[in-house]
There are 2 protein chains.
Amino acid sequence: MRQGGRIKLSDVARDAGVSPATVSRAIAQPHLLSEETLAKVRASALRLGYLPDGAARALASGRSMTIGAIVPTLDSAIFARALQAMQSTLAQEGFLLLVASHEGHAAAEAQAVRSLLGRGVDGLMLVGAERPPETVAMLKEARVPIVLTWCGDGNFTAVTIDNVLAGRLAAEHLIGLGHRRIGMVTGQLRFNDRQRARLAGARAALAEAGLGLPDQLHSEQAVTLAGGRIGCATLLELDDPPTALIGGIDLLAIGCMEEAHARGISVPFGLSVVGIDGLDMSAHVSPSLTTVHLPIGRIGTLAAETLMALVAGRFAETTMLPVELVVRRSTARLD
Amino acid sequence: MRQGGRIKLSDVARDAGVSPATVSRAIAQPHLLSEETLAKVRASALRLGYLPDGAARALASGRSMTIGAIVPTLDSAIFARALQAMQSTLAQEGFLLLVASHEGHAAAEAQAVRSLLGRGVDGLMLVGAERPPETVAMLKEARVPIVLTWCGDGNFTAVTIDNVLAGRLAAEHLIGLGHRRIGMVTGQLRFNDRQRARLAGARAALAEAGLGLPDQLHSEQAVTLAGGRIGCATLLELDDPPTALIGGIDLLAIGCMEEAHARGISVPFGLSVVGIDGLDMSAHVSPSLTTVHLPIGRIGTLAAETLMALVAGRFAETTMLPVELVVRRSTARLD
DNA sequence: AGCTTGAATGAAAGCGCTTTCAATAGATGC
DNA sequence: GCATCTATTGAAAGCGCTTTCATTCAAGCT
């Protein structure tokens, strides 16, 4: 029950003295019209303040010019940046972003997928490749392109980074500095393949160096500063505490530094800390955080571009973006 | 041109042996059906994997179950948090969030308004009350509820905070600590009534104390850490530098502290710094930042609730949320 | 001149759903 | 016992747009 009064396509058509079909073409395929007609239609549309009805266009054309994105949370510097990059890339082509978050719950993600698919998004971006088979099935049956980000798998096109390598780089940096007891604080491992991969990468590097990362040197925490503090405290209170810590994300690493600080332990001289992410903030904390920099904005931009290419029927393949260790002041050679 | 194969309402109807109208009711107004029919329809829908077409529903019913939000950028702890709160509140009632950002450009905002309204959002959230008259006109003509956030005006329902008071509280705190030369670093004032209001609040408080905030003690910068550093540097290099600084947002205040640190000036003993926002981060920087805490998550939640109430035809009025000074370690009495 | 071709436009059939409006059938009231 | 309700269901008319398919007309060829 649209309220009366809204100008519709047929009003413009009448005003311009052409058929509705012509007005429709003026909007979507202007090259099909003569300049004269086009000008006439545009003038009418402008004068009447015509705004096409998206629902009707979507229904008639099967395209909604809308891309869906489902992330764990918007309230995170990382996902916020990726979404901002996506949004602005999409906007250039007239697409809009429909967002949903699942806050770490697989069921909420499934619900979001259903919702977004039902809303007729033209493409869908998700984070990570791990999800229940029912959700995967739903995505596979979807008649729209799906793009995974951060982690991919064989099932869908993806824009990924090498999380295993990220973990490895962090660990190798510390090993190279002479550390022998290295701990790691990660976020929840469940329903988070990014964190698992980073842990696995660190483990592998440590194992190759003959060191290993026993379970007691790994602490799984909420991905907040407070989580980092708790994780750090847990590991520092071991009988034989680590001399260096890896944070599964920068936020955790920063929490670790804070806890060390609170305990009067110097970073980097009493404890080396390295993060993974490369948040802006990390360059600005004190001491500045050594971290494995991930091209977060690029993930968003590329995800958007990939999705738009796929929507347009063009080809697009899975991409893996490079990660890079950025050495700053939070790590030092073990004396 | 929907690809073939997707199950539609009429398929379910046929399968369940009822009319399409009945299936439609089973989805939207189940109380109108007998339990028996309802069960039959639900079983068919489930078995066939029926997913209603959002565009068609929107077109037929005039409701899209979608709320639009236009923020300056998603890539900001503040707006990200507000949007996350909105999103999760909306999701509880089955609404989805369509987001757009304007990155400080009024024209981009107008474009976003047009886009979102065209997409048939059921309601629209915007930040601040300042915008070109054409945009305001477009919003007033819109047949959907509009809710402003952070700052409001008489034209639309709003969920606001007292930005003037926030500026005032920051200034009064510093005045109370004996500071006499107080500077302020704000973000761009143009197309940002929040920053202007905070500056005005600080100015008023300073004026009342007989101090004033001359233009040279105000620096307008990009809202980034780097902006904060530059602003701080600018003010500290004055012949008669301030002994205390107010950051228009926490990020700027943190940038100020960093710059002071880099110059070997102690915060708070060589320079007091107070922010406005109450970011999580601010409690965790060193020294922890004294700031005027704003209930950002609450803004998002309330904006969502207000919008949903209005969409449902219920009454909702403009709200002003309280702000509160949180004293931490970045401010000290002037010796 | 007669025919083909291409460009520009219009007519009309939906896209998949919601929602009056009617119809039917028991149930209720006097 | 008959009119009046009330609860269920169905029929059918769109919602506002896109998109074949046809049509028209003028230009280009032989």
Side-chain angles (χ1 to χ4, degrees), chain A residues 1-42 44-45 48-66 94 117-120 122 143, chain B residues 1-42 44-45 48-66 117-120 122 143-144:
Chain A
M1 298 297 85
R2 190 81 62 189
Q3 299 162 59
R6 178 161 170 172
I7 304 294
K8 46 187 152 182
L9 185 137
S10 58
D11 297 324
V12 178
R14 190 168 338 104
D15 184 89
V18 299
S19 74
T22 299
V23 179
S24 174
R25 291 193 185 102
I27 297 164
Q29 316 169 68
H31 58 277
L32 290 181
L33 300 186
S34 70
E35 300 215 349
E36 187 190 7
T37 311
L38 188 53
K40 214 166 46 182
V41 172
R42 286 201 168 140
S44 290
L48 299 180
Y50 172 61
L51 199 59
D53 179 304
R57 297 190 74 180
L59 180 58
S61 71
R63 298 260 315 249
S64 66
M65 294 307 280
T66 292
L117 253 21
R119 232 57 136 243
D122 292 335
R143 299 165 175 290
Chain B
M1 298 291 86
R2 189 81 61 186
Q3 299 162 58
R6 177 161 170 173
I7 305 293
K8 47 186 152 182
L9 185 135
S10 58
D11 297 325
V12 177
R14 191 167 338 102
D15 183 88
V18 299
S19 75
T22 299
V23 178
S24 174
R25 292 191 185 104
I27 297 164
Q29 317 171 66
H31 58 276
L32 290 182
L33 301 186
S34 70
E35 300 215 347
E36 188 190 8
T37 311
L38 187 54
K40 215 165 46 180
V41 172
R42 286 200 167 141
S44 289
L48 299 180
Y50 172 62
L51 199 59
D53 180 306
R57 298 190 74 180
L59 180 57
S61 70
R63 297 261 315 251
S64 66
M65 294 306 281
T66 292
L117 252 22
R119 232 57 136 242
D122 292 334
R143 300 163 176 290
V144 297

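The figures that follow rest on heavy atoms only: side chains count, while hydrogens, waters and symmetry mates do not. Values in this document were obtained by computation on a predicted structure and should not be read as measured data.
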Participant: How long is the line joining CG of L9(B) and C1' of dG10(D), in whole Å?
Facilitator: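 Rounded to the whole Å, the gap is 13 Å.
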
Participant: Expressed as a whole number of angstroms, how long is the span from R25(B):CZ to dT18(C):C1'?
Facilitator: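 Whole-Å distance recorded here is 9 Å.
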
Participant: Determine the sole option in R57(A), R63(A), R143(A) for which the salt bridge (Lys or Arg N to Asp or Glu O under 4.0 Å) test with D122(A) is passed.
Facilitator: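 When salt bridge (Lys or Arg N to Asp or Glu O under 4.0 Å) is applied between D122(A) and each of R57(A), R63(A), R143(A), only R63(A) qualifies.
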
Participant: Would you check if the side chain of S24(B) reaches a backbone N or O of P20(B) as a donor-acceptor pair within less than 3.5 Å?
Facilitator: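 Pair absent, no side-chain N/O of S24(B) close to backbone of P20(B).
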
Participant: Rounded to the nearest angstrom, tell me the gap between atom CD in Q29(B) and atom P in dA7(D).
Facilitator: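 For the pair Q29(B) CD and dA7(D) P, the rounded distance is 15 Å.
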
Participant: Please determine if a side-chain N or O atom of T22(A) lies less than 4.0 Å away from the OP1 or OP2 oxygen of dT9(C).
Facilitator: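 Checking dT9(C) against T22(A), no side-chain N or O comes under 4.0 Å of OP1 or OP2.
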
Participant: Could you tell me the separation between the CG atom of L32(B) and the P atom of dG10(D), rounded to a whole number of Å?
Facilitator: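 From L32(B) CG to dG10(D) P: 13 Å.
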
Participant: Figure out the NE2/C1' separation between H31(B) and dA7(D), and round it to whole Å.
Facilitator: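 Going from NE2 in H31(B) over to C1' in dA7(D) covers 12 Å.
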
Participant: Under 4.0 Å between any heavy atoms, over every strand shown, what does V18(A) touch: base, sugar-phosphate, or nothing? Just pick one.
Facilitator: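 V18(A): backbone/sugar contact only, no base atoms under 4.0 Å.
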
Participant: Check for a donor-acceptor pair, side chain of R25(A) on one end and backbone N or O of L38(A) on the other, with a separation under 3.5 Å.
Facilitator: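 Checking the backbone N and O of L38(A) against the side chain of R25(A), no donor-acceptor pair under 3.5 Å is found.
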
Participant: Name the residue closer to the 5' end of DNA chain C, choosing between P52(B) and E35(A) according to the nucleotide with the nearest heavy atom.
Facilitator: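 The 5'-side residue here is E35(A).
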
Participant: Salt bridge check: are D11(B) and R14(B) linked by an N-O gap of less than 4.0 Å?
Facilitator: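 Looking at R14(B) together with D11(B), the answer is yes, because their closest N to O distance falls below 4.0 Å.
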
Participant: Counting side-chain heavy atoms from CB outward, which of dC17(D), dG10(D), dT18(C) is closest to S19(B)?
Facilitator: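 Among the listed nucleotides, the one closest to the side chain of S19(B) is dG10(D).
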
Participant: Round to a whole Å and report the spacing from CG of L59(A) to C1' of dG14(D).
Facilitator: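 Rounded to the whole Å, the gap is 12 Å.
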
Participant: Please give, in whole Å, the distance from dG16(D) P to K8(A) NZ?
Facilitator: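 One finds 4 Å between P of dG16(D) and NZ of K8(A), rounded.
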
Participant: Side chain of S24(B), heavy atoms from C-beta onward: which of dC17(D), dG16(D), dT19(C) has the nearest atom to it?
Facilitator: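 From the listed options, dT19(C) comes nearest.
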
Participant: Starting the side chain at C-beta, find the nucleotide from dT19(D), dA11(D), dG16(D) nearest to A21(B).
Facilitator: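 Out of dT19(D), dA11(D), dG16(D), the nucleotide with an atom closest to A21(B)'s side chain is dA11(D).
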
Participant: To the nearest Å, how far apart are D11(B) CG and dC17(C) C1'?
Facilitator: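 Whole-Å distance recorded here is 13 Å.
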
Participant: Is a donor on one side and an acceptor on the other found under 3.5 Å between the side chain of R119(B) and the backbone of S64(B)?
Facilitator: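 Not a single qualifying donor-acceptor pair exists.
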
Participant: Contact class for S34(B) vs. all strands (heavy atom < 4.0 Å): base, sugar-phosphate, or nothing?
Facilitator: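 S34(B): backbone/sugar contact only, no base atoms under 4.0 Å.
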
Participant: Considering only side-chain heavy atoms of A56(A), which listed nucleotide, dG16(D), dT19(C), dG16(C), is closest?
Facilitator: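 The nucleotide sitting nearest to the side chain is dG16(D).
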
Participant: Counting only side-chain heavy atoms from C-beta out, which of dT19(D), dT19(C), dG14(C) sits nearest to S61(B)?
Facilitator: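 Output: dT19(C).
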
